[in-house]
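For reference, the structure is listed below as C-alpha cells.
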There are 2 protein chains.
Amino acid sequence: MNLPPLIQTFVLHFGEMGSRWGISRTVGQIYALLFLSPEPLNADQIVQQLGFSRSNVSMGLKELQAWNLVRLQHLPDDRRDYFTTPGDLWEILRTLAEERKKREVDPTLTMLRDVLMQTPSTDVERHAQARMQDMHDLIELLTRWYDDIHRIEPSRLAQLLSLGAKVQKIFEVKDWLTGGGPERTGRSVPAAPADTGDTTDTTR
Amino acid sequence: MNLPPLIQTFVLHFGEMGSRWGISRTVGQIYALLFLSPEPLNADQIVQQLGFSRSNVSMGLKELQAWNLVRLQHLPDDRRDYFTTPGDLWEILRTLAEERKKREVDPTLTMLRDVLMQTPSTDVERHAQARMQDMHDLIELLTRWYDDIHRIEPSRLAQLLSLGAKVQKIFEVKDWLTGGGPERTGRSVPAAPADTGDTTDTTR
DNA sequence: CCGTAATTTCAGAAATTTGTGAAATTATAG
DNA sequence: CTATAATTTCACAAATTTCTGAAATTACGG
C-alpha cells in the first residue's frame with residue numbers, strides 16, 4: 001500500500017470498521033479510497049494503491065455495487081470502468097440506511113410476522129410470542145418513522161436534527177392549545193407558542 | 001437443539017443475524033433464547049437447549065455482558081449464575097445504540113479529528129480532508145441529536161416517532177410566528193398553530 | 001481449611017471467510 | 001472476424017474466527 005499517510009489512516013480505519021459491519025476489510029478499504037478520491041478510479045488504480053489482487057478488487061467493487069454505495073461511470077476514449085461515491089453525504093447515509101434495512105430489518109419483520117401467526121401450545125410459547133409481538137411493534141414503529149423521515153430534504157432534516165430534544169416542545173404547544181394541562185412535564189404552565197418559536201433558532 | 005418450533009425459528013434467525021452484526025452465531029442464539037425465556041436461565045440450561053459446549057456458552061455470556069445486553073442475577077439457595085434480558089424493549093434499544101456508538105462511531109470520530117489536525121501537503125490530501133470534514137460534521141450532527149434524544153422517556157419518544165415527518169410543521173409554526181413566508185414548502189400560507197395541534201393526534 | 005460445584009481459560013481443532021492466480025468470458029477497436 | 005484489453009469466475013490457498021474439551025481457577029458450604 002502506497003498512500004499519503006493521512007489517507008492511509010482513514011483507509012485502514014475503514015478496513016477495520018468494515019469487518020465489524022457485514023463487509024470485508026478489502027471492501028471497506030476500497031470504499032474508503034473511493035470516498036476520498038477527487039476523481040473516479042478504475043480497478044487497476046485501486047490495485048496499485050491498495051495492493052490487493054486484481055480479482056479481489058473486482059469482487060469488492062461488485063459488492064459495493066450491490067450495496068449501491070458506488071457509481072460506475074466511463075471516461076471518454078477509455079473503456080475501463082471507473083468508480084465514484086456520491087458527493088452528497090446525505091445521499092450516502094440514506095443508501096446505507098436503506099440497504100441495512102433491506103438486509104437486516106425487513107427479514108426480521110417477516111420472520112416475526114410469520115411466527116406470530118402460529119398458535120402457541122404452551123405457556124412458554126405464549127410468553128415467547130408476547131415478547132416477539134413487542135419486538136415487532138417496536139421495529140414497526142421505528143421503520144414507519146424512518147420511511148416517513150427519510151424523504152425530508154437534507155437541509156431541513158439537518159435543521160430538524162439540530163433541534164434535538166427540543167422538538168418535545170411541540171407537545172407543550174398542543175397541550176397549551178387544547179387547554180389540557182401537561183401530563184408528563186414538571187412544568188405546570190407549558191411554554192407559549194412564542195417560546196416554541198425560539199426553539200427553532202437552532203444555528204449553533 | 002431441542003426447542004418449540006416457534007422459538008427455534010426465532011433463535012435460528014437471530015443466530016444468522018448475529019453474524020451480520022459483530023457478534024457470532026452462538027452469541028446471537030444465546031441472546032435470542034434469553035430474550036424469549038419467561039425466566040432467568042443458567043449456563044447449563046442454555047447448553048441443554050442450544051447444544052453448544054459449556055465453554056462456548058460461558059464465552060457467549062461473557063460477551064453479552066460486555067455488551068450490557070444481559071443481566072446477571074442469583075436465585076435463592078442456588079449458587080449458579082442466572083441471566084435475563086431487560087423486560088423493557090426501549091431499554092434494550094438504548095443499550096444497543098449506546099454500545100454500537102461506543103464501538104463504531106466514537107473511534108471513527110476520534111480518528112477523523114486526529115487526521116483533520118494534520119496539515120495536507122498536496123491537493124489530493126486537501127481534497128481528502130475536505131471529505132473527512134464533511135463526514136465528521138455529519139456524524140457529529142447525528143450523535144448530538146442522539147445524545148439529546150436518547151434521554152426522552154419511551155412513551156413520549158414513541159409519541160414523537162409516530163409523528164413522523166409531521167414534525168416538520170414545527171417550522172411552519174415558526175415561519176408563521178416570525179412573519180416570514182415559508183421558504184421551502186409549496187404552501188403560501190403556512191398552517192396556523194391550531195393546525196399543528198391536530199398533527200399531534202397521532203394514534204393511528 | 002477441605003471438598004465440590006460452578007465458571008473461566010486456553011491451546012488447538014473445526015469451520016468459515018477472505019484473498020489469489022489462472023482460466024474463462026465479455027467487450028471493443030481495428 | 002480477429003486480436004487484445006478489461007473484467008469476471010472459480011478452485012483452491014491463506015487467514016481469521018468460532019468452537020471444544022481438558023485443565024485451571026474461583027466461590028462457597030460445611
Side-chain angles (χ1 to χ4, degrees), chain A residues 1 11-34 40-67 69-84 103-104, chain B residues 1 11-12 14-34 40-67 69-84 103:
Chain A
M1 187 183 300
V11 166
L12 290 178
H13 179 88
F14 265 72
E16 295 313 309
M17 272 319 174
S19 335
R20 287 190 190 253
W21 294 34
I23 67 178
S24 73
R25 196 168 50 86
T26 314
V27 175
Q29 291 193 12
I30 294 175
Y31 183 79
L33 190 66
L34 288 173
L41 297 177
N42 64 45
D44 285 318
Q45 292 173 306
I46 296 171
V47 166
Q48 197 268 314
Q49 300 200 61
L50 298 181
F52 298 129
S53 73
R54 183 52 239 265
S55 58
N56 198 4
V57 169
S58 178
M59 299 288 224
L61 287 170
K62 226 182 73 178
E63 185 167 351
L64 285 172
Q65 282 176 283
W67 276 82
L69 283 171
V70 124
R71 287 199 190 321
L72 168 61
Q73 64 179 223
H74 283 104
L75 265 48
D77 296 330
D78 189 338
R79 57 198 253 220
R80 284 170 294 184
D81 294 343
Y82 282 79
F83 297 89
T84 45
R103 278 156 226 257
E104 293 165 15
Chain B
M1 188 183 300
V11 166
L12 290 178
F14 265 72
E16 296 313 309
M17 273 318 173
S19 338
R20 287 189 190 254
W21 293 34
I23 67 178
S24 73
R25 197 169 49 87
T26 314
V27 175
Q29 291 192 11
I30 294 175
Y31 183 79
L33 189 67
L34 288 174
L41 298 178
N42 64 44
D44 284 318
Q45 292 173 307
I46 297 171
V47 165
Q48 198 268 313
Q49 299 200 61
L50 297 181
F52 299 128
S53 74
R54 183 53 238 265
S55 59
N56 198 5
V57 169
S58 178
M59 300 286 224
L61 287 169
K62 225 181 75 176
E63 185 167 352
L64 285 172
Q65 282 176 282
W67 275 82
L69 283 170
V70 126
R71 288 200 190 318
L72 168 62
Q73 62 180 226
H74 283 104
L75 265 47
D77 297 329
D78 189 337
R79 57 199 253 218
R80 285 169 293 183
D81 294 343
Y82 283 78
F83 297 89
T84 44
R103 280 155 224 255

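Worth knowing before you read on, the calculation uses all heavy atoms, side chains too, and leaves out hydrogens, waters and symmetry mates. Here is the naming used below: chain letters follow the sequence lines, and residue numbers restart at 1 for every chain.
Non-hydrogen atoms lying under 4.0 Å from DNA chain D are contributed by B/F52, B/S53, B/S55, B/N56, all within residues 49-65 of chain B.
Atom-to-atom distance recorded for A/I23:CD1 and A/L64:CG is 6.5 Å, nearest 0.5 angstrom. Interatomic distance, B/F52 CZ to B/M1 CE, rounded to the nearest 0.5 Å: 5.5 Å.
Between the CZ atom of B/R79 and the C1' atom of D/dT26 there is a distance of 10 Å, given to the nearest Å. Atom CZ in B/R25 sits roughly 9 Å away from atom C1' in D/dC19 (whole-Å rounding). Taking atom CG of residue A/D78 and atom P of nucleotide D/dA6, one finds them 7 Å apart after rounding to whole Å. Counting to the nearest Å, the C1' atom of D/dC19 and the CD1 atom of B/I23 are 16 Å from each other.
Note on A/T26: only backbone sugar-phosphate atoms sit closer than 4.0 angstrom, heavy atoms only; bases stay farther off. B/D81 comes within contact range of the sugar-phosphate backbone alone, with a heavy-atom separation under 4.0 Å but no base atom that close.
B/I30 and B/G60 get closest at one heavy-atom pair: CD1-CA, 4.1 Å.
Judged by distance alone, with hydrogens and angles left aside, A/R80 brings no side-chain donor or acceptor close enough to the base of D/dA6 to form a pair under 3.5 Å.
Where DNA chain C meets chain A (any atom under 4.0 Å from a heavy atom), the bounding nucleotides read 5' to 3' are C/dT18 to C/dT28.
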Secondary structure of DNA chain D in dot-bracket form (Watson-Crick or G-U wobble, distances below 3.5 Å, | marking inter-strand pairs): ||||||||||||||||||||||||||||||

